[in-house]
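All values reported here derive from a predicted model rather than from experimental measurement. Order of the sequence lines fixes the chain letters, A, B, ..., with proteins taken first and strands second; residue numbering starts at 1 for each chain.
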Amino acid sequence: MIDNLKRISDTIWEIPVSYKQGMRVPARIYGTEKLIQELDDAVYDQVTNVATLPGITKYALCMPDGHFGYGFPIGGVAAMDVEAGGVISPGGIGFDINCGMRLMVTNLTYDQVKPYIKKLVDRLYERVPAGVGSTGFVKLSRNEFCKVVEEGAQWCIRNGYGWEEDLELVEENGCIQGADASKISEKAIDRGFNQIGTLGSGNHYLEIQVARPENIYDQELARSLGITIPNQVVVMFHCGSRGFGHQVATDYLQTFLKVMESKYGIKILDRELACAPFNSPEGQAYFAAMKCGINMSFANRQVILHQIREVFSEILGRSPENLGMHMIYDVAHNTAKLERHIIDSQERSLLVHRKGATRAFAPGMKDVPERYKNIGQPVIIGGSMETGSYLLVGVPSGEQTFFSTAHGSGRTMSRAKARKIYRGEKLKKEMESRGIYVRSTSYSGLAEEAGGAYKDIDDVIEAAELAGISKRVVKLTPIGNIKG
DNA sequence: ATGTAC
């Protein structure tokens with residue numbers, strides 16, 4: 001397939017509209033030659049299917065961590081012009097609505113934390129429920145849950161889960177406007193109301209990490225983001241909207257399949273790309289329901305953050321304030337958001353689908369928190385539990401991807417294949433011998449997340465930087481991990 | 001990702 005691609009630069013590859021009937025725009029895949037060679041052929045099929053969707057603007061994009069997903073590739077970005085019949089598609093957002101990353105610093109060094117790492121991880125494992133079907137300690141009535149999904153992390157702050165200062169460091173200040181609980185099903189409420197403060201399973205995790213001096217790529221940017229001492233300990237976690245978001249996506253996929261062709265005359269190449277015009281009753285209902293998923297996820301991460309502060313405080317015998325447990329940022333990587341972008345020197349309203357892709361706004365842009373205005377929006381990219389993760393910032397040349405970048409390493413093999421190759425018990429021991437203490441709800445789940453089942457995170461980040469869609473600041477390496 | 005299937 002690589003021979004059919006037009007090489008735009010070392011890290012940008014294009015599939016022309018002539019590739020497939022119905023493509024409205026070319027597809028562009030980001031990656032080094034090595035990453036492109038490793039890419040599953042199904043991704044080409046998926047990203048070119050996306051290029052046929054009504055209203056798609058400029059390109060159907062796939063980020064350097066791209067891999068096969070439901071309908072859209074994971075790593076997919078598609079911006080739909082809502083004034084030109086553009087659609088909204090759950091497959092372009094993901095079942096786990098507002099799956100995302102949160103990162104917090106401490107004022108502790110690796111040497112200070114090392115003696116406590118097992119205690120910390122064991123206690124975090126108790127206090128942050130993980131695994132399929134786990135429920136949280138926040139007891140809510142169904143009515144109160146409906147408030148949470150409309151108010152997001154702001155509800156949490158009012159109810160004592162976190163600090164006022166946290167909110168400005170969450171995308172959308174922790175509450176996206178326009179969430180409407182009357183647009184979600186009873187079934188979604190049933191699945192979600194006891195899931196606030198839970199990690200989930202699969203690739204969801206909570207990790208204690210170190211910013212080693214040799215892994216800081218830009219000293220000044222690192223300092224501006226709060227990485228100020230050598231071997232500073234930070235806490236990163238990855239989770240989403242649990243069964244709640246999953247149910248919202250399921251509900252509206254069904255709705256869209258019913259009306260898409262009969263009512264709106266939209267023909268698609270893959271049922272998994274079910275969609276509706278953004279400006280239609282069904283499209284608007286899903287948009288408002290999806291925003292409930294976004295807020296549920298912000299609330300989920302806010303409560304987990306609170307739990308982490310409590311655990312560190314308990315184990316280390318100091319208050320969270322005294323431990324300097326301030327947030328760096330919380331960023332979503334499964335959303336569709338209405339944004340203004342300049343297309344061919346004209347400002348347009350675009351619904352930007354980012355599915356396994358992170359918003360990466362440049363310095364000076366509206367919606368970048370005041371304290372990061374001059375350096376750009378922080379981007380948190382979770383690697384595998386063995387290899388490490390990255391903190392990056394958005395850059396002006398990110399305009400080419402509607403200011404989007406990668407979200408993780410990207411899998412290179414199926415979960416089933418990883419289970420055949422790796423053993424969870426052995427992996428746990430090996431990781432421990434390398435200084436990473438890990439707790440997991442399932443050994444098979446652990447095997448699925450082996451570092452070897454993922455692309456090389458360094459390659460992905462390098463590709464994103466060379467392509468000019470984000471700039472790396474620091475690589476963070478794990479010392480403790482709780483695996484969902 | 002997910003009460004891992006309606």
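- Here Gly240(A) lies out of heavy-atom contact (under 4.0 Å) with every strand.
- Using a 4.0 Å heavy-atom criterion, one finds that Gly202(A) contacts the sugar-phosphate atoms exclusively.
- Asn194(A) has its CG atom 13 Å from the P atom of dT2(B), to the nearest Å.
- Residue-to-nucleotide proximity on DNA chain B shows that, of Thr250(A) and Cys99(A), the 5′-proximal contact is made by Cys99(A).
- Of the two residues contacting DNA chain B, namely Val132(A) and His238(A), the nearest-nucleotide position lying further toward the 5' end is that of His238(A).
- No donor-acceptor distance shorter than 3.5 angstrom exists from the side chain of Thr387(A) to the backbone of Met385(A), with no hydrogens or angles considered.
- Rounded to whole Å, the distance from CG on Leu199(A) to P on dT2(B) is 9 Å.
- Nucleic acid contact for Lys355(A): none, since no nucleic acid atom lies under 4.0 Å from a heavy atom of the residue.
- Between Tyr252(A) and Tyr286(A), the ring-plane angle classifies as tilted under the 30° and 60° cut-offs.
- A donor and an acceptor atom, one from each side chain of Gln302(A) and Arg102(A), are located under 3.5 Å apart.
- If you take CG of Asn334(A) and P of dT2(B), they are 11 Å apart, rounded to a whole angstrom.
- Ring to ring, Phe145(A) and Phe244(A) are close: their centroids are under 6.0 angstrom apart.
- Rounding to whole angstrom units, CZ of residue Phe95(A) and C1' of dT2(B) are separated by 9 Å.
- One finds no side-chain N or O of Ser201(A) lying less than 4.0 angstrom from the OP1 or OP2 phosphate oxygen of dT4(B).
- The phosphate of dG3(B) has OP1 or OP2 within less than 4.0 Å of a side-chain N or O from Gln195(A).
- If you take CD1 of Ile189(A) and C1' of dG3(B), they are 17 Å apart, rounded to a whole angstrom.
- Between the CD atom of Glu186(A) and the C1' atom of dG3(B) there is a distance of 17 Å, given to the nearest Å.
- Counting to the nearest Å, the P atom of dT2(B) and the CG atom of Asp190(A) are 17 Å from each other.
- In terms of phosphate contacts, Arg242(A) brings a side-chain nitrogen or oxygen within less than 4.0 Å of OP1 or OP2 of dG3(B).
- Atom CD in Gln247(A) sits roughly 13 Å away from atom P in dT2(B) (whole-Å rounding).
- Relative ring orientation between Tyr161(A) and Trp155(A) is described as parallel, the plane-to-plane angle staying below 30° on a 0-90° scale split at 30° and 60°.
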